[in-house]
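Below you'll find the structure, written out as structure tokens, and then a few comments.
The shown structure was predicted, so the numbers you read here are calculated from the model rather than taken from an experiment. No hydrogens, no waters, no symmetry mates; every other heavy atom, side chains included, goes into these values.
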Amino acid sequence: MQEISSVPGSEKIRLRFVIIATLLFSYFSPKTKVANAPDYGIDEVSNHALALLMDVARKITFANKDVKQGKWDFKPLQPIYRLTGLTLGLVGFGNIAQRLSEKVVPLGLKVIAYDPYIPEEVAKSRNVTLVSLDELCQHADLISVHAPLLPSTKGMIGKEQFQRMKKGVSIINTSRGPVIDEEAFIQALQEGIVAGAGLDVVDQEPIASDHPFLSMDNVVLTPHSAWYSEEAAVEVRSKTALGVVDVLVYGEYPKYLANRQVMEKTELQSHLPHERYNFDRDAILQKMKATKAAH
């Protein structure tokens with residue numbers, strides 16, 4: 001990503017409001033309002049993480065490949081362990097991880113989580129035990145990564161953490177690739193410390209054609225699609241547009257203002273609850289379907 005000032009013609013650009021996926025506030029002026037849509041796709045990403053977890057644990061993709069190659073035998077899948085009684089470790093315990101913790105209850109998994117910003121009572125209310133990252137690595141049979149990518153989280157799961165993990169652990173990542181040190185990750189897979197992985201994200205996207213993950217049968221990959229459903233696409237586009245409307249039409253700070261420190265340097269009205277956020281997702285989706293069908 002380039003600094004805004006280094007982009008040709010940027011001297012003509014006056015940013016008042018920005019919506020971005022990765023919050024790099026240093027790229028913008030102190031008065032630029034930055035917003036995101038933090039509450040869309042919670043079901044989609046938590047479902048995707050659960051799907052990858054089940055796929056890796058039951059070796060579904062591996063078995064599918066064998067069967068299509070004419071091999072009708074469960075022995076190459078060994079070992080597969082019963083999920084009941086295993087420990088799932090959640091790295092990050094925000095909205096998505098909390099929803100996932102609810103969805104794995106019927107599977108009989110014990111859930112632990114590492115998140116230094118979440119109050120203990122929030123975890124306890126979901127029967128989740130907060131632990132340190134070291135403790136999570138030592139005790140988890142399955143690890144699902146949900147930490148945002150920040151300077152403090154880049155590479156937070158590296159060689160030291162892999163060395164603390166149980167041999168045969170499975171790792172799911174639907175967050176951001178660089179949260180895991182990829183070189184250490186590949187080594188852990190090659191050495192058998194990590195038995196399998198389900199990854200929706202990698203360090204560099206799209207993945208390189210010669211990436212080691214592509215030749216590993218125990219690594220299941222999806223193309224950063226965990227966020228996606230038709231409904232989620234409608235929701236994020238609508239909330240993005242509404243953030244612009246908040247500022248430019250109503251003169252309010254956006255509902256999902258990410259850099260709240262900007263309020264000390266600019267003067268807008270506080271955001272007020274409004275029916276414009278009660279948009280009919282189903283109606284919008286039906287209209288989109290009709291438009292697609294017409295073309």
Less than 4.0 angstrom from a charged side-chain N to a carboxylate O is my criterion; do [X] and [Y] meet it?
X      : Y      : value
Lys154 : Glu182 : no
Asp217 : Lys65  : yes
Asp73  : Lys71  : no

* Is Met165 reachable from Val111 through a run of I, L, V, M, F, W or Y residues, each pair having side-chain heavy atoms under 4.5 Å apart? -> no
Taking the side chain as everything from C-beta on, heavy atoms only, tell me whether [X] gets closer than 4.5 Å to [Y].
X      : Y      : answer
Lys59  : Asn218 : no
Ile143 : Val169 : yes
Lys159 : Asp181 : no
Thr153 : Arg176 : no
Met216 : Leu189 : yes

* Asked: When you measure from the side chain of Gln161 to the backbone N and O of Gly158, does any donor-acceptor pair fall under 3.5 Å?
  -> yes
* Report yes or no: does Asp115 contribute a side-chain atom to a donor-acceptor pair with the main-chain N or O of Phe93 at less than 3.5 Å? => yes
List, one per line, each side-chain donor-acceptor pair under 3.5 Å for residues 44-57, sequence neighbours excluded.
from: Glu44; atom 1: OE2; to: Ser229; atom 2: OG; distance (Å): 2.6
from: Ser46; atom 1: OG; to: Ile42; atom 2: O; distance (Å): 2.8
from: Ser46; atom 1: OG; to: Asp43; atom 2: O; distance (Å): 3.1
from: Ser46; atom 1: OG; to: Lys103; atom 2: NZ; distance (Å): 2.8
from: Asn47; atom 1: OD1; to: Lys103; atom 2: NZ; distance (Å): 2.6
from: Asn47; atom 1: ND2; to: Asp43; atom 2: O; distance (Å): 3.2
from: His48; atom 1: NE2; to: Thr222; atom 2: OG1; distance (Å): 3.0
from: Asp55; atom 1: OD1; to: Thr61; atom 2: N; distance (Å): 3.2
from: Asp55; atom 1: OD1; to: Thr61; atom 2: OG1; distance (Å): 3.1
from: Asp55; atom 1: OD2; to: Thr61; atom 2: OG1; distance (Å): 2.7

* Taking all non-hydrogen atoms of both residues, which atom of Asp246 and which atom of Lys255 are closest, and how far apart? -> OD2-N, 3.0 Å
* **Lys33 to Leu268 - nearest heavy-atom pair and separation** => CE-CD1, 3.9 Å
* Are Phe185 and Phe213 close enough that their ring centres sit under 6.0 Å apart? -> yes
* To do: Before giving the answer on ring pair (Phe, Tyr, Trp, His ring centres under 6.0 Å), spell out for Tyr114 and His146 the whole-Å C-alpha distance, their side-chain angles and the decisive distance to 0.1 Å.
  => CA-CA 10 Å; Tyr114 165 69; His146 301 277; over 10 Å; no
